[in-house]
Amino acid sequence: MNNIEGTNNPTKTLVEEMEIAAKHFRQQLGYNEDVLAISFEDLIKRLRQINHLIIKQYDSPIRPMSTRTEDGYMIVIGEIIDERTGKEQLLHEIAHILFDNNLPQFDGGPVEYSEMRADVFARCFLMPKYLFLTAFIENSNSDELVNINGIASRFEVNDYLVMKRGEELLGWK
């Protein structure tokens, strides 16, 4: 794992690195910096335009995965998932393709760092830091109460992602 000079916290470094990577990937997909909510349909449409990337969806509940093919990469996800979960799964698998030297083989056990990095990347992509902080301010009151559901609705993500992003950026417990 790379360390940014002067940073002693590897988790903080990971978040900073994934923030930059997610910003660049959003731009490559043609998303404006101020886009708050990205729909599953639009995301999958843009991802399918990437050369040598195949995205397969199956009716049955299936564990999302990414793998190499002869011509590039393939992502497999279940078709019967809600939009919020679908976006998270797609971006998680994209992170494996972008950052893993050797894609994990499906063996039922996650590779801890690789999985953590993929989760952080998905959150950074779906909730960029400055947009998250703005949504946090707009969904907080003077009693220091935060409307997690309001933030999740703003970005069209699951509440859990908002909680994890709050941990990363604001130290929520």
Side-chain angles (χ1 to χ4, degrees), residues 14-15 17-129 131-132 135 148-169:
L14 174 64
V15 171
E17 289 173 352
M18 291 301 99
E19 195 74 54
I20 293 166
K23 178 181 179 178
H24 289 294
F25 194 65
R26 281 173 64 103
Q27 290 170 343
Q28 288 177 341
L29 290 180
Y31 288 112
N32 181 305
E33 284 190 14
D34 295 329
V35 173
L36 279 173
I38 296 169
S39 74
F40 176 75
E41 292 80 18
D42 188 60
L43 178 62
I44 202 166
K45 180 180 123 190
R46 291 177 192 225
L47 290 173
R48 283 188 167 143
Q49 293 176 4
I50 297 174
N51 290 333
H52 308 290
L53 175 65
I54 299 167
I55 300 173
K56 294 200 178 244
Q57 293 178 268
Y58 292 98
D59 289 338
S60 63
I62 187 169
R63 180 178 172 171
M65 63 178 281
S66 49
T67 188
R68 278 186 168 62
T69 65
E70 286 182 19
D71 298 327
Y73 299 93
M74 179 172 54
I75 294 174
V76 178
I77 60 172
E79 194 168 80
I80 306 174
I81 51 177
D82 65 271
E83 179 166 319
R84 293 174 177 203
T85 303
K87 293 187 298 189
E88 179 187 0
Q89 287 180 358
L90 274 174
L91 291 165
H92 177 100
E93 296 306 322
I94 283 291
H96 285 306
I97 290 170
L98 292 173
F99 304 112
D100 293 354
N101 292 332
N102 297 310
L103 287 176
Q105 299 298 313
F106 181 76
D107 62 2
V111 177
E112 190 173 322
Y113 179 75
S114 174
E115 294 300 317
M116 181 174 62
R117 178 177 51 202
D119 288 343
V120 172
F121 176 82
R123 289 191 294 269
C124 290
F125 185 97
L126 292 169
M127 297 175 285
K129 182 178 181 176
L131 292 176
F132 182 85
I148 302 298
N149 197 329
I151 297 171
S153 293
R154 190 87 188 261
F155 290 103
E156 295 179 9
V157 298
N158 293 314
D159 292 353
Y160 175 77
L161 262 64
V162 173
M163 292 298 297
K164 294 300 287 181
R165 195 69 169 129
E167 285 178 29
E168 294 163 358
L169 297 176

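Here the structure is a predicted model, which means the values were calculated and not measured.
Looking at heavy atoms from C-beta onward, L90 lies out of side-chain contact with F125 at the 4.5 angstrom threshold. Counting only heavy atoms from C-beta outward, the side chains of I94 and L53 approach each other to under 4.5 Å. Put simply, the side chain of K129 reaches to within 4.5 Å of the side chain of R165, judged on heavy atoms.
Take F99 and apply the ring-ring contact (aromatic ring centres under 6.0 Å, His included) test, not counting sequence neighbours, and it matches F121. The side-chain contact (heavy atoms from CB on, under 4.5 Å) search around Q57 returns F40, I44, R48, I77, E79, not counting sequence neighbours. Scanning for side-chain contact (heavy atoms from CB on, under 4.5 Å) contacts around N158 gives D82, R84, T85, E88, with sequence neighbours left out. Remark: S39 pairs with no residue by the side-chain hydrogen bond (donor to acceptor under 3.5 Å, both in side chains) rule, at least two apart or across chains. Shown here are the side-chain contact (heavy atoms from CB on, under 4.5 Å) partners of N32, two or more places apart in sequence or in another chain: D34, V35.
A95 and A118 get closest at one heavy-atom pair: CB-CA, 3.6 Å. What you find for L14 and R117 is that their closest heavy atoms are CD1-CG, 3.8 Å.
Residues in residues 153-163 take part in these salt bridge (charged side-chain N to carboxylate O under 4.0 Å, His left out) pairs, two or more places apart or across chains: E138-R154.
The line from CG of D71 to CG of N51 is 11.0 Å long, rounded to the nearest 0.5 Å. Separating the CD atom in E33 from the CD atom in Q27 is a distance of 5.5 Å, to the nearest 0.5 Å.
Salt bridge annotation for R63-E93: absent, with no cationic side-chain nitrogen under 4.0 angstrom from a carboxylate oxygen.
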Open item on the list: What verdict does the side chain to side chain contact (heavy atoms under 4.5 Å, CB included) test give for Y58 and V76, after you've listed the backbone C-alpha separation in whole Å, the side-chain angles of each residue and the deciding distance to 0.1 Å?
Closed with: CA-CA 8 Å; Y58 292 98; V76 178; 3.5 Å; yes

